[in-house]
Amino acid sequence: MSTVTRFAPSPTGYLHIGGLRTALFSWLWARHNDGKFLLRIEDTDRARNSEEALEAIIKAFDWVGMNYDGDVVYQSKRFDLYKQYIDQLLAKGKAYKCYMSKGELDALREAQMARGERPRYDGRYRDFEGTPPEGIDPVIRIKAPKEGVISFVDGVKGEINIAADEVDDFIIARSDGTPTYNFVVAIDDALMGLTDVIRGDDHLYNTPKQIVVYNALGFKLPKFYHVAMINNEQGKKLSKRDGATDVMEYKRMGYLPEALLNFLVRLGWSHGDQEIFSLEEMVSLFDPKDINKSASSYSPDKLLWLNAHYIKNTPNAKLAELLKEFGVDIAEHDRLEMLLDATKERGKTLVELAEQINLVLNAPSEYDAKAVKKAFKGEAKEILVDFIAMLQTWEKPLHLPSDYHAVLEALVAEKEIGFGKIGMPLRVALVGALTGPGVDEMMAIIGVDETIERIEKAVATIEN
RNA sequence: GACCCUUUCAUCUAGUGGCCAAGGAUGCUACGUUUUCAUCGUAGUCACAGAGGUUCAAAUCCUCUAGGGGUCGCCA
(Lines give C-alpha, C1' and ligand atoms only; values in the text may rest on other atoms or scores of the structure.)
Protein backbone atom coordinates (compact mmCIF):
# COMPACT_ATOMS: atom_id res chain seq x y z
CA MET A 1 0.00 0.00 0.00
CA SER A 2 1.39 3.36 -0.96
CA THR A 3 2.05 5.91 1.75
CA VAL A 4 -0.40 8.76 2.17
CA THR A 5 0.36 11.62 4.57
CA ARG A 6 -1.22 15.00 5.04
CA PHE A 7 -0.89 18.44 6.49
CA ALA A 8 -4.08 19.69 8.07
CA PRO A 9 -3.73 23.21 9.44
CA SER A 10 -6.52 25.32 10.77
CA PRO A 11 -6.68 28.60 8.87
CA THR A 12 -4.75 31.13 10.93
CA GLY A 13 -3.52 33.36 8.14
CA TYR A 14 0.11 32.31 7.98
CA LEU A 15 2.23 29.19 8.20
CA HIS A 16 3.85 28.73 11.56
CA ILE A 17 7.42 27.55 11.81
CA GLY A 18 6.34 24.54 13.90
CA GLY A 19 3.66 23.77 11.36
CA LEU A 20 6.23 23.83 8.61
CA ARG A 21 8.29 21.25 10.45
CA THR A 22 5.45 18.75 10.83
CA ALA A 23 4.44 19.46 7.23
CA LEU A 24 8.04 18.84 6.19
CA PHE A 25 8.17 15.52 8.04
CA SER A 26 4.93 14.42 6.39
CA TRP A 27 6.02 15.62 3.00
CA LEU A 28 9.42 13.93 3.27
CA TRP A 29 7.86 10.64 4.28
CA ALA A 30 5.41 10.72 1.40
CA ARG A 31 8.13 11.57 -1.10
CA HIS A 32 10.48 9.01 0.41
CA ASN A 33 7.91 6.32 -0.28
CA ASP A 34 6.70 7.70 -3.58
CA GLY A 35 3.38 8.27 -1.90
CA LYS A 36 1.03 11.18 -1.65
CA PHE A 37 1.08 14.29 0.49
CA LEU A 38 -2.37 15.81 0.87
CA LEU A 39 -3.52 19.17 2.13
CA ARG A 40 -6.66 19.73 4.13
CA ILE A 41 -7.98 22.88 5.73
CA GLU A 42 -9.61 22.39 9.10
CA ASP A 43 -12.20 25.09 8.92
CA THR A 44 -15.25 23.67 10.61
CA ASP A 45 -15.18 26.87 12.59
CA ARG A 46 -16.64 28.91 9.77
CA ALA A 47 -15.73 32.30 11.12
CA ARG A 48 -12.19 32.17 9.76
CA ASN A 49 -11.13 33.01 6.26
CA SER A 50 -9.89 29.80 4.71
CA GLU A 51 -9.07 31.02 1.23
CA GLU A 52 -6.60 33.60 2.41
CA ALA A 53 -5.05 31.21 4.85
CA LEU A 54 -4.61 28.60 2.18
CA GLU A 55 -2.92 31.13 -0.04
CA ALA A 56 -0.44 31.95 2.71
CA ILE A 57 0.34 28.28 3.21
CA ILE A 58 0.84 27.60 -0.46
CA LYS A 59 3.07 30.65 -0.74
CA ALA A 60 5.24 29.32 2.05
CA PHE A 61 5.30 25.83 0.55
CA ASP A 62 6.36 27.32 -2.78
CA TRP A 63 9.14 29.26 -1.18
CA VAL A 64 10.67 26.23 0.52
CA GLY A 65 10.04 23.97 -2.44
CA MET A 66 7.33 21.72 -1.07
CA ASN A 67 4.20 20.79 -2.93
CA TYR A 68 1.06 18.81 -2.29
CA ASP A 69 -0.86 16.24 -4.30
CA GLY A 70 -4.44 16.31 -5.47
CA ASP A 71 -7.06 18.87 -4.51
CA VAL A 72 -7.15 20.76 -1.27
CA VAL A 73 -9.89 19.44 1.01
CA TYR A 74 -11.95 21.99 2.88
CA GLN A 75 -13.83 20.59 5.81
CA SER A 76 -16.32 23.42 5.62
CA LYS A 77 -17.44 22.06 2.25
CA ARG A 78 -18.05 18.54 3.51
CA PHE A 79 -20.73 19.10 6.12
CA ASP A 80 -23.26 16.99 4.21
CA LEU A 81 -20.86 14.10 4.24
CA TYR A 82 -20.27 14.38 7.97
CA LYS A 83 -24.02 14.60 8.52
CA GLN A 84 -24.46 11.22 6.85
CA TYR A 85 -22.04 9.61 9.25
CA ILE A 86 -23.69 11.26 12.22
CA ASP A 87 -27.06 9.92 11.12
CA GLN A 88 -25.54 6.52 10.58
CA LEU A 89 -24.15 6.39 14.11
CA LEU A 90 -27.43 7.65 15.53
CA ALA A 91 -29.37 4.98 13.64
CA LYS A 92 -27.05 2.25 14.88
CA GLY A 93 -27.27 3.45 18.46
CA LYS A 94 -23.55 4.29 18.54
CA ALA A 95 -24.29 7.93 19.17
CA TYR A 96 -27.06 9.71 21.00
CA LYS A 97 -28.63 13.07 21.70
CA CYS A 98 -27.71 14.84 24.87
CA TYR A 99 -29.96 17.54 26.28
CA MET A 100 -27.67 18.87 28.93
CA SER A 101 -27.33 22.64 28.90
CA LYS A 102 -24.02 24.43 28.96
CA GLY A 103 -24.80 25.62 32.47
CA GLU A 104 -25.38 22.10 33.72
CA LEU A 105 -22.18 20.99 32.05
CA ASP A 106 -20.19 23.72 33.74
CA ALA A 107 -21.63 22.79 37.11
CA LEU A 108 -20.73 19.16 36.56
CA ARG A 109 -17.17 19.99 35.61
CA GLU A 110 -16.75 22.23 38.61
CA ALA A 111 -17.98 19.56 40.98
CA GLN A 112 -15.62 17.02 39.48
CA MET A 113 -12.67 19.35 39.74
CA ALA A 114 -13.54 20.00 43.36
CA ARG A 115 -13.37 16.27 44.01
CA GLY A 116 -9.97 16.10 42.29
CA GLU A 117 -11.29 14.19 39.32
CA ARG A 118 -10.59 14.74 35.68
CA PRO A 119 -13.64 16.65 34.40
CA ARG A 120 -15.72 14.70 31.93
CA TYR A 121 -19.26 14.09 30.79
CA ASP A 122 -21.07 11.67 33.07
CA GLY A 123 -23.10 9.92 30.38
CA ARG A 124 -26.47 10.78 31.80
CA TYR A 125 -28.25 10.75 28.41
CA ARG A 126 -26.38 7.75 27.09
CA ASP A 127 -29.30 5.40 27.60
CA PHE A 128 -32.00 8.02 27.97
CA GLU A 129 -35.45 6.79 26.95
CA GLY A 130 -37.78 9.39 28.47
CA THR A 131 -39.20 12.64 27.20
CA PRO A 132 -36.50 15.17 26.39
CA PRO A 133 -36.64 18.53 28.18
CA GLU A 134 -38.37 21.39 26.36
CA GLY A 135 -36.58 24.11 24.46
CA ILE A 136 -33.15 22.56 24.25
CA ASP A 137 -31.42 21.76 20.98
CA PRO A 138 -29.47 18.63 21.76
CA VAL A 139 -25.85 17.93 20.91
CA ILE A 140 -24.86 14.53 19.56
CA ARG A 141 -22.44 12.48 21.59
CA ILE A 142 -20.63 9.35 20.56
CA LYS A 143 -20.63 6.26 22.79
CA ALA A 144 -17.09 5.72 23.94
CA PRO A 145 -16.15 2.45 25.62
CA LYS A 146 -16.86 2.56 29.35
CA GLU A 147 -14.20 0.18 30.48
CA GLY A 148 -10.92 -1.22 29.36
CA VAL A 149 -8.03 0.58 27.78
CA ILE A 150 -7.70 2.40 24.50
CA SER A 151 -4.22 1.70 23.25
CA PHE A 152 -2.25 2.32 20.12
CA VAL A 153 1.34 2.19 19.05
CA ASP A 154 2.73 5.60 18.30
CA GLY A 155 5.54 5.59 15.77
CA VAL A 156 7.52 8.05 17.85
CA LYS A 157 6.51 7.53 21.46
CA GLY A 158 5.84 3.81 21.48
CA GLU A 159 2.84 2.18 23.07
CA ILE A 160 0.26 4.57 24.49
CA ASN A 161 -2.42 3.35 26.87
CA ILE A 162 -5.29 5.50 27.99
CA ALA A 163 -7.90 4.15 30.40
CA ALA A 164 -11.27 4.12 28.65
CA ASP A 165 -12.91 6.07 31.45
CA GLU A 166 -10.57 8.95 30.68
CA VAL A 167 -12.33 9.34 27.35
CA ASP A 168 -15.89 10.52 27.79
CA ASP A 169 -18.80 10.46 25.36
CA PHE A 170 -17.54 13.53 23.56
CA ILE A 171 -19.63 15.74 21.32
CA ILE A 172 -19.51 14.97 17.61
CA ALA A 173 -22.17 17.48 16.56
CA ARG A 174 -23.02 20.81 18.16
CA SER A 175 -26.57 21.85 18.93
CA ASP A 176 -26.66 23.72 15.61
CA GLY A 177 -25.85 20.47 13.86
CA THR A 178 -22.28 21.27 12.83
CA PRO A 179 -19.72 18.53 13.42
CA THR A 180 -16.75 18.89 15.74
CA TYR A 181 -13.03 18.54 15.22
CA ASN A 182 -12.20 15.05 16.47
CA PHE A 183 -15.09 13.57 14.56
CA VAL A 184 -14.34 15.13 11.19
CA VAL A 185 -10.60 14.55 11.46
CA ALA A 186 -11.12 10.84 11.91
CA ILE A 187 -13.57 10.67 9.01
CA ASP A 188 -11.41 12.70 6.66
CA ASP A 189 -8.21 10.89 7.53
CA ALA A 190 -9.97 7.60 6.84
CA LEU A 191 -11.73 8.75 3.66
CA MET A 192 -8.63 10.40 2.28
CA GLY A 193 -6.82 7.12 2.69
CA LEU A 194 -4.21 8.28 5.18
CA THR A 195 -1.68 5.61 6.06
CA ASP A 196 0.57 7.75 8.25
CA VAL A 197 -0.60 10.63 10.39
CA ILE A 198 2.34 12.78 11.51
CA ARG A 199 1.32 15.66 13.76
CA GLY A 200 2.30 17.61 16.86
CA ASP A 201 2.13 15.82 20.16
CA ASP A 202 -0.40 18.33 21.40
CA HIS A 203 -2.75 16.00 19.52
CA LEU A 204 -1.71 12.94 21.49
CA TYR A 205 -4.81 13.16 23.62
CA ASN A 206 -7.08 13.54 20.61
CA THR A 207 -5.94 10.23 19.24
CA PRO A 208 -7.94 7.97 21.59
CA LYS A 209 -11.01 10.05 20.80
CA GLN A 210 -10.44 9.67 17.11
CA ILE A 211 -9.90 5.96 17.58
CA VAL A 212 -13.38 5.79 19.10
CA VAL A 213 -14.72 7.30 15.86
CA TYR A 214 -12.67 4.98 13.67
CA ASN A 215 -14.02 2.00 15.57
CA ALA A 216 -17.63 3.17 15.56
CA LEU A 217 -17.49 3.66 11.80
CA GLY A 218 -15.48 0.54 11.09
CA PHE A 219 -12.54 2.43 9.58
CA LYS A 220 -9.03 1.07 9.48
CA LEU A 221 -6.57 2.91 11.72
CA PRO A 222 -3.59 4.69 10.20
CA LYS A 223 -0.22 4.74 11.86
CA PHE A 224 0.20 7.70 14.20
CA TYR A 225 3.37 9.67 14.85
CA HIS A 226 3.31 12.40 17.47
CA VAL A 227 6.16 14.82 17.16
CA ALA A 228 7.21 16.83 20.20
CA MET A 229 6.85 20.58 20.11
CA ILE A 230 9.44 23.20 19.34
CA ASN A 231 10.10 25.44 22.32
CA ASN A 232 11.75 28.82 22.47
CA GLU A 233 15.24 29.38 23.80
CA GLN A 234 13.90 29.42 27.33
CA GLY A 235 12.27 26.02 26.80
CA LYS A 236 8.75 27.43 26.76
CA LYS A 237 6.18 27.08 24.05
CA LEU A 238 7.09 29.06 20.95
CA SER A 239 4.88 32.10 20.61
CA LYS A 240 4.74 35.29 18.61
CA ARG A 241 6.68 37.04 21.34
CA ASP A 242 9.71 34.92 20.50
CA GLY A 243 10.18 36.72 17.22
CA ALA A 244 9.56 35.15 13.89
CA THR A 245 6.98 32.39 13.88
CA ASP A 246 5.67 33.13 10.39
CA VAL A 247 7.65 31.18 7.82
CA MET A 248 7.59 34.04 5.32
CA GLU A 249 9.18 36.28 7.90
CA TYR A 250 12.35 34.26 7.40
CA LYS A 251 12.31 35.08 3.73
CA ARG A 252 12.10 38.76 4.56
CA MET A 253 14.97 38.45 7.02
CA GLY A 254 17.19 37.06 4.30
CA TYR A 255 17.20 33.37 5.06
CA LEU A 256 17.53 30.80 2.33
CA PRO A 257 14.81 28.15 2.23
CA GLU A 258 17.44 25.40 2.14
CA ALA A 259 18.83 26.71 5.43
CA LEU A 260 15.45 26.90 7.13
CA LEU A 261 14.50 23.40 6.02
CA ASN A 262 17.86 22.00 7.04
CA PHE A 263 17.47 23.68 10.42
CA LEU A 264 13.95 22.40 10.95
CA VAL A 265 14.64 18.85 9.87
CA ARG A 266 17.40 18.59 12.47
CA LEU A 267 15.07 19.80 15.20
CA GLY A 268 13.81 16.54 16.58
CA TRP A 269 15.25 14.34 13.87
CA SER A 270 18.74 13.17 13.10
CA HIS A 271 20.70 10.85 10.93
CA GLY A 272 23.86 9.96 12.81
CA ASP A 273 26.28 12.87 12.91
CA GLN A 274 25.18 14.46 9.67
CA GLU A 275 24.32 18.15 9.89
CA ILE A 276 23.99 19.30 6.30
CA PHE A 277 21.18 17.84 4.24
CA SER A 278 20.13 18.79 0.75
CA LEU A 279 16.46 18.40 -0.03
CA GLU A 280 17.25 15.23 -1.98
CA GLU A 281 19.18 13.80 0.94
CA MET A 282 16.35 14.58 3.31
CA VAL A 283 13.93 12.73 1.08
CA SER A 284 16.13 9.70 0.78
CA LEU A 285 17.24 9.56 4.42
CA PHE A 286 14.14 10.64 6.33
CA ASP A 287 12.34 8.03 8.37
CA PRO A 288 9.90 8.92 11.15
CA LYS A 289 11.36 6.18 13.30
CA ASP A 290 14.35 8.48 13.82
CA ILE A 291 12.22 11.28 15.21
CA ASN A 292 13.07 12.26 18.77
CA LYS A 293 10.69 11.78 21.65
CA SER A 294 11.45 14.97 23.50
CA ALA A 295 10.77 18.61 22.75
CA SER A 296 13.54 20.74 21.31
CA SER A 297 14.39 24.36 21.71
CA TYR A 298 14.68 26.79 18.88
CA SER A 299 18.18 28.19 18.58
CA PRO A 300 18.78 31.09 16.19
CA ASP A 301 22.57 30.62 16.22
CA LYS A 302 22.46 27.33 14.43
CA LEU A 303 19.99 28.62 11.88
CA LEU A 304 22.31 31.54 11.21
CA TRP A 305 25.26 29.21 10.80
CA LEU A 306 23.34 27.07 8.34
CA ASN A 307 22.24 30.13 6.43
CA ALA A 308 25.83 31.35 6.14
CA HIS A 309 26.80 27.91 4.92
CA TYR A 310 24.14 27.90 2.22
CA ILE A 311 24.93 31.44 1.11
CA LYS A 312 28.57 30.47 0.66
CA ASN A 313 27.52 27.49 -1.42
CA THR A 314 24.95 29.20 -3.62
CA PRO A 315 26.06 30.04 -7.17
CA ASN A 316 26.68 33.76 -7.64
CA ALA A 317 24.16 34.16 -10.43
CA LYS A 318 21.44 32.79 -8.17
CA LEU A 319 22.50 35.01 -5.28
CA ALA A 320 22.33 38.02 -7.57
CA GLU A 321 18.77 37.05 -8.45
CA LEU A 322 17.79 36.64 -4.79
CA LEU A 323 19.40 39.92 -3.81
CA LYS A 324 17.00 41.89 -5.99
CA GLU A 325 14.43 41.62 -3.24
CA PHE A 326 16.87 43.23 -0.87
CA GLY A 327 17.42 46.35 -2.90
CA VAL A 328 20.59 45.24 -4.63
CA ASP A 329 20.52 44.79 -8.39
CA ILE A 330 23.87 43.46 -9.55
CA ALA A 331 22.70 40.86 -12.04
CA GLU A 332 24.18 42.92 -14.88
CA HIS A 333 27.34 43.95 -13.04
CA ASP A 334 30.39 43.09 -15.13
CA ARG A 335 32.38 42.05 -12.06
CA LEU A 336 29.57 39.98 -10.59
CA GLU A 337 31.65 36.92 -9.74
CA MET A 338 34.41 38.94 -8.16
CA LEU A 339 31.96 41.03 -6.20
CA LEU A 340 30.08 38.12 -4.70
CA ASP A 341 33.17 36.04 -4.07
CA ALA A 342 34.52 38.95 -2.06
CA THR A 343 31.34 39.49 -0.04
CA LYS A 344 29.41 36.23 0.32
CA GLU A 345 31.57 34.98 3.16
CA ARG A 346 30.82 38.09 5.14
CA GLY A 347 27.04 37.93 5.22
CA LYS A 348 25.11 35.43 7.31
CA THR A 349 21.84 36.55 5.74
CA LEU A 350 20.91 38.08 2.40
CA VAL A 351 20.25 41.30 4.28
CA GLU A 352 23.82 41.35 5.57
CA LEU A 353 25.16 40.36 2.18
CA ALA A 354 23.29 43.26 0.59
CA GLU A 355 24.88 45.58 3.12
CA GLN A 356 28.33 44.26 2.29
CA ILE A 357 27.75 44.76 -1.40
CA ASN A 358 26.52 48.29 -0.92
CA LEU A 359 29.56 48.98 1.16
CA VAL A 360 31.82 48.04 -1.74
CA LEU A 361 29.76 49.54 -4.54
CA ASN A 362 28.98 52.89 -2.97
CA ALA A 363 31.62 55.41 -2.04
CA PRO A 364 31.61 55.99 1.72
CA SER A 365 29.42 58.93 2.69
CA GLU A 366 31.31 59.24 5.94
CA TYR A 367 34.34 57.71 7.58
CA ASP A 368 34.18 55.76 10.80
CA ALA A 369 35.67 58.01 13.52
CA LYS A 370 37.85 55.32 15.06
CA ALA A 371 39.10 54.23 11.68
CA VAL A 372 40.05 57.79 10.78
CA LYS A 373 41.99 58.19 14.00
CA LYS A 374 43.88 55.01 13.42
CA ALA A 375 44.49 55.19 9.67
CA PHE A 376 44.55 58.82 8.59
CA LYS A 377 47.64 59.87 10.50
CA GLY A 378 51.33 60.38 10.00
CA GLU A 379 52.32 60.10 6.39
CA ALA A 380 49.07 58.48 5.33
CA LYS A 381 48.15 61.39 3.12
CA GLU A 382 51.45 61.41 1.26
CA ILE A 383 51.32 57.67 0.72
CA LEU A 384 47.80 57.88 -0.68
CA VAL A 385 48.81 60.69 -3.01
CA ASP A 386 51.76 58.65 -4.25
CA PHE A 387 49.49 55.70 -4.77
CA ILE A 388 47.16 57.77 -6.94
CA ALA A 389 50.10 58.90 -9.03
CA MET A 390 51.26 55.37 -9.42
CA LEU A 391 47.84 54.18 -10.53
CA GLN A 392 47.62 56.99 -13.06
CA THR A 393 50.96 56.20 -14.63
CA TRP A 394 50.74 52.43 -14.43
CA GLU A 395 51.34 50.98 -17.84
CA LYS A 396 50.05 47.47 -17.48
CA PRO A 397 46.33 46.69 -17.56
CA LEU A 398 44.36 46.97 -14.31
CA HIS A 399 41.63 44.34 -14.24
CA LEU A 400 42.28 41.61 -11.74
CA PRO A 401 42.92 41.93 -8.02
CA SER A 402 46.44 40.70 -8.71
CA ASP A 403 46.98 43.64 -11.08
CA TYR A 404 46.23 46.08 -8.29
CA HIS A 405 48.28 44.04 -5.89
CA ALA A 406 51.28 44.53 -8.16
CA VAL A 407 50.84 48.30 -7.91
CA LEU A 408 50.71 48.10 -4.14
CA GLU A 409 53.83 45.96 -4.08
CA ALA A 410 55.65 48.42 -6.24
CA LEU A 411 54.61 51.21 -3.89
CA VAL A 412 55.77 49.53 -0.68
CA ALA A 413 59.02 48.56 -2.37
CA GLU A 414 59.71 52.05 -3.62
CA LYS A 415 58.77 53.79 -0.38
CA GLU A 416 60.27 51.05 1.79
CA ILE A 417 57.21 50.88 4.01
CA GLY A 418 55.14 48.04 5.48
CA PHE A 419 51.97 46.89 3.83
CA GLY A 420 49.87 48.23 6.68
CA LYS A 421 51.06 51.78 6.03
CA ILE A 422 49.13 51.86 2.77
CA GLY A 423 46.62 49.06 3.46
CA MET A 424 44.86 50.71 6.37
CA PRO A 425 44.38 54.22 4.96
CA LEU A 426 43.49 52.76 1.59
CA ARG A 427 40.80 50.58 3.15
CA VAL A 428 39.29 53.53 4.99
CA ALA A 429 39.40 55.57 1.80
CA LEU A 430 37.56 52.85 -0.08
CA VAL A 431 34.84 51.85 2.38
CA GLY A 432 35.13 54.21 5.33
CA ALA A 433 35.98 51.48 7.81
CA LEU A 434 38.83 49.24 8.95
CA THR A 435 37.05 46.00 8.07
CA GLY A 436 35.74 44.45 4.91
CA PRO A 437 36.82 42.64 1.78
CA GLY A 438 40.39 42.73 0.56
CA VAL A 439 41.52 46.04 -0.93
CA ASP A 440 42.83 44.33 -4.08
CA GLU A 441 39.44 42.83 -4.74
CA MET A 442 37.57 46.02 -4.01
CA MET A 443 39.70 48.07 -6.37
CA ALA A 444 39.32 45.52 -9.12
CA ILE A 445 35.55 45.55 -8.63
CA ILE A 446 35.04 49.29 -8.69
CA GLY A 447 37.74 49.99 -11.27
CA VAL A 448 40.63 52.39 -11.38
CA ASP A 449 38.65 55.62 -11.91
CA GLU A 450 36.36 55.06 -8.95
CA THR A 451 39.33 53.96 -6.86
CA ILE A 452 41.19 57.18 -7.55
CA GLU A 453 38.08 59.22 -6.92
CA ARG A 454 37.60 57.66 -3.50
CA ILE A 455 41.21 58.11 -2.54
CA GLU A 456 41.16 61.74 -3.63
CA LYS A 457 38.15 62.32 -1.46
CA ALA A 458 39.98 60.75 1.46
CA VAL A 459 43.00 62.92 0.85
CA ALA A 460 40.78 65.99 0.83
CA THR A 461 39.24 64.86 4.10
CA ILE A 462 42.64 64.48 5.73
CA GLU A 463 43.64 67.95 4.60
CA ASN A 464 40.67 69.45 6.40
C1' G B 1 -6.21 18.96 40.68
C1' A B 2 -6.48 14.53 37.31
C1' C B 3 -4.45 12.03 33.18
C1' C B 4 -0.68 11.50 29.36
C1' C B 5 4.18 12.51 27.30
C1' U B 6 9.23 13.73 28.31
C1' U B 7 14.52 14.30 30.79
C1' U B 8 22.61 13.16 27.53
C1' C B 9 27.15 19.52 27.21
C1' A B 10 24.28 26.57 27.25
C1' U B 11 21.64 24.66 22.43
C1' C B 12 20.61 20.69 18.39
C1' U B 13 21.87 15.73 18.88
C1' A B 14 24.75 10.33 18.51
C1' G B 15 23.91 6.38 21.76
C1' U B 16 18.77 0.26 22.01
C1' G B 17 23.73 -3.81 28.44
C1' G B 18 30.26 -4.21 27.39
C1' C B 19 33.10 -0.49 21.27
C1' C B 20 31.42 5.44 26.36
C1' A B 21 36.61 7.77 32.05
C1' A B 22 30.09 9.48 26.47
C1' G B 23 30.93 11.03 19.90
C1' G B 24 29.44 15.05 16.25
C1' A B 25 27.48 20.07 15.41
C1' U B 26 26.25 25.19 17.02
C1' G B 27 27.88 28.76 20.66
C1' C B 28 31.94 30.49 23.50
C1' U B 29 37.63 30.97 24.35
C1' A B 30 42.43 30.62 22.40
C1' C B 31 45.93 29.90 18.44
C1' G B 32 47.09 29.67 13.13
C1' U B 33 45.87 31.61 8.06
C1' U B 34 44.39 36.75 6.35
C1' U B 35 48.01 43.84 5.22
C1' U B 36 41.90 44.24 8.13
C1' C B 37 37.22 41.87 8.92
C1' A B 38 34.98 37.50 7.60
C1' U B 39 35.85 32.60 5.82
C1' C B 40 38.76 28.44 6.77
C1' G B 41 41.91 25.20 9.95
C1' U B 42 43.59 23.43 14.88
C1' A B 43 42.89 23.11 20.03
C1' G B 44 40.16 24.00 24.45
C1' U B 45 35.41 24.55 27.17
C1' C B 46 30.89 21.93 28.54
C1' A B 47 26.38 16.75 29.68
C1' C B 48 24.02 10.92 30.98
C1' A B 49 18.15 15.18 36.40
C1' G B 50 18.46 12.59 41.53
C1' A B 51 18.02 8.18 44.58
C1' G B 52 17.41 3.10 44.89
C1' G B 53 17.51 -1.64 42.51
C1' U B 54 18.60 -5.83 38.44
C1' U B 55 23.45 -7.45 36.30
C1' C B 56 30.07 -9.85 36.10
C1' A B 57 28.86 -5.09 33.48
C1' A B 58 23.85 0.41 32.93
C1' A B 59 23.49 6.69 29.65
C1' U B 60 21.00 2.20 27.97
C1' C B 61 16.42 -2.39 31.91
C1' C B 62 12.98 -1.72 36.56
C1' U B 63 11.00 1.44 40.76
C1' C B 64 10.40 5.91 43.11
C1' U B 65 11.36 11.28 43.43
C1' A B 66 12.13 15.91 41.02
C1' G B 67 12.02 19.22 36.70
C1' G B 68 9.80 20.38 31.81
C1' G B 69 5.72 19.97 28.33
C1' G B 70 0.74 18.72 26.86
C1' U B 71 -4.52 17.73 27.60
C1' C B 72 -8.91 18.05 30.40
C1' G B 73 -14.48 23.11 25.26
C1' C B 74 -20.97 22.79 21.75
C1' C B 75 -11.76 25.68 19.56
C1' A B 76 -8.98 23.39 16.13
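We name chains A, B, ... by the order of the sequence lines, and we start the count at 1 in each one.
- Counting to the nearest Å, the C1' atom of B/rG27 and the OH atom of A/Tyr298 are 15 Å from each other.
- Of the residues in residues 164-173 of chain A, those placing a heavy atom less than 4.0 Å from an atom of RNA chain B are A/Glu166, A/Ile171, in numerical order.
- Between A/Arg124 and A/Asp122 a salt bridge is recorded (basic side-chain N to carboxylate O distance below 4.0 Å).
- With respect to A/Glu166 and A/Arg118, a salt bridge is recorded, a charged nitrogen being found less than 4.0 Å from a carboxylate O.
- Proximity of residues 412-425 of chain A to RNA chain B (heavy atom under 4.0 angstrom from any strand atom) is restricted to A/Phe419, A/Gly423.
- For B/rA76, the base has no donor-acceptor partner in the side chain of A/Asp43 [N/O atoms by modelled type, under 3.5 angstrom].
- Electrostatic pairing of A/Asp80 and A/Lys83 does not count as a salt bridge here, judged by no charged N lying under 4.0 Å from a carboxylate O.
- Pairing each heavy atom of A/Gly13 with each of A/Ala53, the nearest pair is N-CB, 3.8 Å.
- Across all strands, A/Met442 comes closer than 4.0 Å to no nucleic acid atom at all (heavy-atom distances).
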Kindly give the atom pairs (protein nitrogen or oxygen, nucleotide nitrogen or oxygen) under 3.5 Å for nucleotides 14-20 of chain B.
from, atom 1, to, atom 2, distance (Å)
B/rA14, OP1, A/Ser270, OG, 2.8
B/rA14, OP1, A/Asn292, ND2, 3.3

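- Mapping A/Pro119 and A/Asp301 onto RNA chain B by nearest heavy atom places A/Asp301 at the nucleotide closer to the 5' end.
- Considering only side-chain atoms of A/Ser296, the nucleotide from B/rC12, B/rC74, B/rA76 that sits closest is B/rC12.
- With sequence neighbours excluded, no residue satisfies salt bridge (charged side-chain N to carboxylate O under 4.0 Å, His left out) with A/Glu355.
- For the residue pair A/Tyr225 and A/Asp196, a side-chain donor N or O sits within less than 3.5 Å of a side-chain acceptor on the partner.
- The separation of B/rC28 from B/rU60, taken at their C1' atoms, amounts to 31 Å, rounded to a whole angstrom.
- Nearest heavy-atom pair, A/Pro222 versus A/Val197, reported as atom, atom and distance to 0.1 Å: CG-CG2, 3.8 Å.
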Evaluate A/Phe277 against A/Phe263 for ring pair (Phe, Tyr, Trp, His ring centres under 6.0 Å), listing each step before the verdict. CA-CA 9 Å; A/Phe277 295 87; A/Phe263 173 70; over 10 Å; no
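- Classification of A/Lys457 and A/Glu366 as a salt-bridged pair fails, no side-chain N sitting under 4.0 Å from a carboxylate O.
- Judged by distance alone with a 3.5 Å cut-off, a donor-acceptor contact links the side chain of A/Lys302 to the base of B/rC12.
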For nucleotides 38-42 of chain B, which of its nitrogen or oxygen atoms have a protein nitrogen or oxygen under 3.5 Å away, and what is each distance?
from, atom 1, to, atom 2, distance (Å)
B/rA38, O2', A/Glu345, O, 2.4
B/rU39, O3', A/Lys312, NZ, 2.7
B/rU39, O2', A/Glu345, OE2, 3.4
B/rC40, OP1, A/Lys312, NZ, 2.7

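- With respect to A/Glu42 and A/Arg40, a salt bridge is recorded, a charged nitrogen being found less than 4.0 Å from a carboxylate O.
- B/rC64 and B/rU54 have their C1' atoms separated by 15 Å, given to the nearest Å.
- Per the geometry, CZ belonging to A/Phe387 stands 13 Å off C1' belonging to B/rU35, to the nearest Å.
- Atom CG in A/Leu411 sits about 13 Å away from atom C1' in B/rU35, given to the nearest Å.
- Here the nucleotide nearest the side chain of A/Arg141, chosen from B/rC74, B/rG70, B/rC4, is B/rC74.
- Among the nucleotides B/rU35, B/rU6, B/rG24, the one closest to any side-chain atom of A/Arg266 is B/rG24.
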Do any N or O atoms of the protein come closer than 3.5 Å to N or O atoms of nucleotides 65-69 of chain B, and which pairs are they?
from, atom 1, to, atom 2, distance (Å)
B/rG69, OP1, A/Lys236, NZ, 2.6

